[in-house]
Amino acid sequence: MGQTGAVNKDVSMADAIAHAVTAGQRFGLGLKPGMLEGLARDPRRAVLDEIDQADLAGIAAGDLLSGQQAMQAHFEERHGPQVRMDAPATARRSAAILQDEAIARFAHGMRQSLGFVERLVLFWSNHFCVSVRKGPTVRVVAGAYEREAIRPHVLGDFAAMLTAVVRHPAMLVYLDNRGSIGPTSRAGLNRKRGLNENLAREILELHTLGVDGGYSQRDVGALARMLTGWTVAGPDGRAAPPGAFVFNPNAHEPGPQTLLGRAYAAGGADQAEAALANLALHPATARFIARKFARHFVADDPPPALVARLEADFRRTGGNLGSLARVLVTSEEAWTVPATKVRTPYEFLLAASRATGVAPANPSQVLGPLNAMGQPLWAPAGPNGHPDTAGDIAAPEAMTARLEAASVLARRMRGAAADPRALQQALFGDLSSPDSRQAVIRAESAEQGLALLFLSPEFLRR
């Protein structure tokens, strides 16, 4: 294969088709009928071209609420009509906000041609996850959080994404920084309330350095003190519009701090901002992100040479995520390592919809299957996000749930795929194994054949 992956005299059509399937499975959201042969002309170029289209990451907001509007709606629901809101917010209540966001996100994935940029969004959203399990406050703002803190930065700078994430009300509420108060600050002395280290710990362990990144409990405490005062404006709107990020100097722990051996002078919000900027550029962060990125897209045990190149690029560019994505796509390992990863439940649901052209008719057709398959939308069990290793996703209990989900999907989509054999050929050409082909051929009905197609290794693995 040449530099971009174009079909040439050294690449057979069979190899080109195989690379096209890799583009759709490993880097994309799943192929649609009619895409395979066109993609085979230059599959790597097709992936790279998406990186040049920064607008692919954005979702047209339409009637969706901003994070601040969603928080305002939540405050009004809890505290009554004395909280004034603008017109868009008054049209929604918390029970509907998550549903609206789910449908908008899924529809955006359906519209993508290949979907590599959207795959980047899914990766970074899970890396910097929040969970609606925390309660109604996070539930109403989770979708806006992804649109406002993740999507604008997936091809930009990691440092900018990190700061946007930490400042967002969704993260401040999820990891309890909203109520974290410096023990010797004015508010701490008056209220006898103290420090919450949850956000600081997860920034170091999960978002930047990694668990083996060389930080200590002393560093956790130092970062937590620097983050005091980073909070969310309350329903009275005195400090800022209800639900907006606000820095409260009265809650900020005074004095200088030392983090990872680096001194930070006393200050306001800029003290933590400086710390986040340095964490984003730390060598341990480059190492941690590079391995996690390769592990997600290529293999649970990624090739060391690929990880090394990703790490070097992250350090060279200061964490430019568009460049990181390019290094991944132009690496030979990314196209030659066998497909051992398994699609996450969300990727599986979206790939099935793209293959048949059948979009969910209502939010329950998105949220329900994801709940059944064990990865509810924006609801990981912990701040480390939903697992994406084959061992977790292909565990016996998880695969039983996947089988049941495939049957439900096939029942709903059978009218759009009357001939599963033709769909199998359109998606994978001659790459389907004899066993997979025979399973679909011998199916007793189109519905059963479609379910078996969804459960085939070619469809499940990326």
Ignoring hydrogens and geometry beyond distance, is a side-chain donor-acceptor pair present between [X] and [Y] at under 3.5 Å?
{"X": "S436", "Y": "E458", "value": "yes"}
{"X": "W378", "Y": "E101", "value": "no"}
{"X": "N362", "Y": "S364", "value": "yes"}
{"X": "Q112", "Y": "R354", "value": "no"}
{"X": "Q25", "Y": "R461", "value": "no"}

Side chain proximity check, [X] to [Y], heavy atoms < 4.5 angstrom:
{"X": "V408", "Y": "P369", "result": "no"}
{"X": "Q375", "Y": "P387", "result": "yes"}
{"X": "P235", "Y": "M71", "result": "no"}
{"X": "V342", "Y": "R462", "result": "no"}
{"X": "L227", "Y": "L199", "result": "yes"}
{"X": "L120", "Y": "F293", "result": "yes"}
{"X": "V130", "Y": "V141", "result": "no"}
{"X": "H127", "Y": "W124", "result": "yes"}

Side-chain ion pair, [X] and [Y], N-O less than 4.0 Å:
{"X": "R111", "Y": "E118", "answer": "no"}
{"X": "R201", "Y": "E197", "answer": "yes"}
{"X": "R44", "Y": "E332", "answer": "yes"}

Can you check whether [Y]'s main-chain N or O pairs, donor with acceptor, with [X]'s side chain at less than 3.5 Å?
{"X": "S180", "Y": "N177", "result": "no"}
{"X": "T356", "Y": "A352", "result": "yes"}
{"X": "D157", "Y": "A160", "result": "no"}
{"X": "R147", "Y": "G58", "result": "no"}
{"X": "R26", "Y": "V337", "result": "yes"}
{"X": "K32", "Y": "L427", "result": "no"}
{"X": "H108", "Y": "L56", "result": "yes"}
{"X": "N196", "Y": "N198", "result": "yes"}
{"X": "T208", "Y": "A280", "result": "no"}
{"X": "R119", "Y": "G28", "result": "yes"}

Ring pair (Phe, Tyr, Trp, His ring centres under 6.0 Å) partners of [X], counting only residues at least two apart:
{"X": "F128", "answer": "F158, H207"}
{"X": "H168", "answer": "Y145"}
{"X": "F116", "answer": "F27, F297"}
{"X": "H296", "answer": "F123"}

By side-chain contact (heavy atoms from CB on, under 4.5 Å) - contacts of S331 (at least two apart):
L306, R309, V327, E333
So H74 and R78, side-chain contact (heavy atoms from CB on, under 4.5 Å) or not? Walk me through it.
CA-CA 6 Å; H74 170 63; R78 291 188 61 188; 3.1 Å; yes
Could you grab the distance from atom [atom1] of [X] to atom [atom2] of [Y], nearest 0.5 Å is fine?
{"X": "M161", "Y": "S125", "atom1": "CE", "atom2": "OG", "answer": "9.5 Å"}
{"X": "L276", "Y": "T163", "atom1": "CG", "atom2": "OG1", "answer": "5.0 Å"}
{"X": "H386", "Y": "S131", "atom1": "NE2", "atom2": "OG", "answer": "7.5 Å"}

Regarding R105 and the six-membered ring of Y346, is the cationic atom NZ or CZ under 6.0 Å from the ring centre and inside 45° of its axis?
yes
For N384, check side chain to side chain donor-acceptor pair (under 3.5 Å) against everything at least two apart and list the hits.
none
More than 12 foreign heavy atoms under 6.0 Å from CD of E37: is that the case here?
no
Is the CZ atom of R326 crowded by more than 12 outside heavy atoms at less than 6.0 Å?
yes
Check [X] against [Y] and note the closest heavy-atom contact, atom names and distance.
{"X": "A401", "Y": "A372", "answer": "CB-O, 3.4 Å"}
{"X": "L114", "Y": "G24", "answer": "CD1-CA, 3.9 Å"}
{"X": "L349", "Y": "Q365", "answer": "CD2-O, 4.0 Å"}
{"X": "A334", "Y": "L328", "answer": "CB-O, 3.3 Å"}

Give the intermediate values and the outcome of side-chain hydrogen bond (donor to acceptor under 3.5 Å, both in side chains) for residues D300 and T389.
CA-CA 6 Å; D300 290 345; T389 62; 4.7 Å; no
Identify which one of V220, L209, V166, L175 satisfies the side-chain contact (heavy atoms from CB on, under 4.5 Å) criterion when paired with I203.
V166
What verdict does the salt bridge (Lys or Arg N to Asp or Glu O under 4.0 Å) test give for D176 and K134, after you've listed the backbone C-alpha separation in whole Å, the side-chain angles of each residue and the deciding distance to 0.1 Å?
CA-CA 10 Å; D176 305 305; K134 183 74 174 184; 2.7 Å; yes
side-chain contact (heavy atoms from CB on, under 4.5 Å) evaluation trace for L155 with I51:
CA-CA 7 Å; L155 297 173; I51 303 175; 3.9 Å; yes
Please determine whether salt bridge (Lys or Arg N to Asp or Glu O under 4.0 Å) holds for the pair D388 and R343, giving the CA-CA distance in whole Å, both sets of side-chain angles, and the decisive distance to 0.1 Å.
CA-CA 8 Å; D388 71 351; R343 278 179 163 145; over 6 Å; no
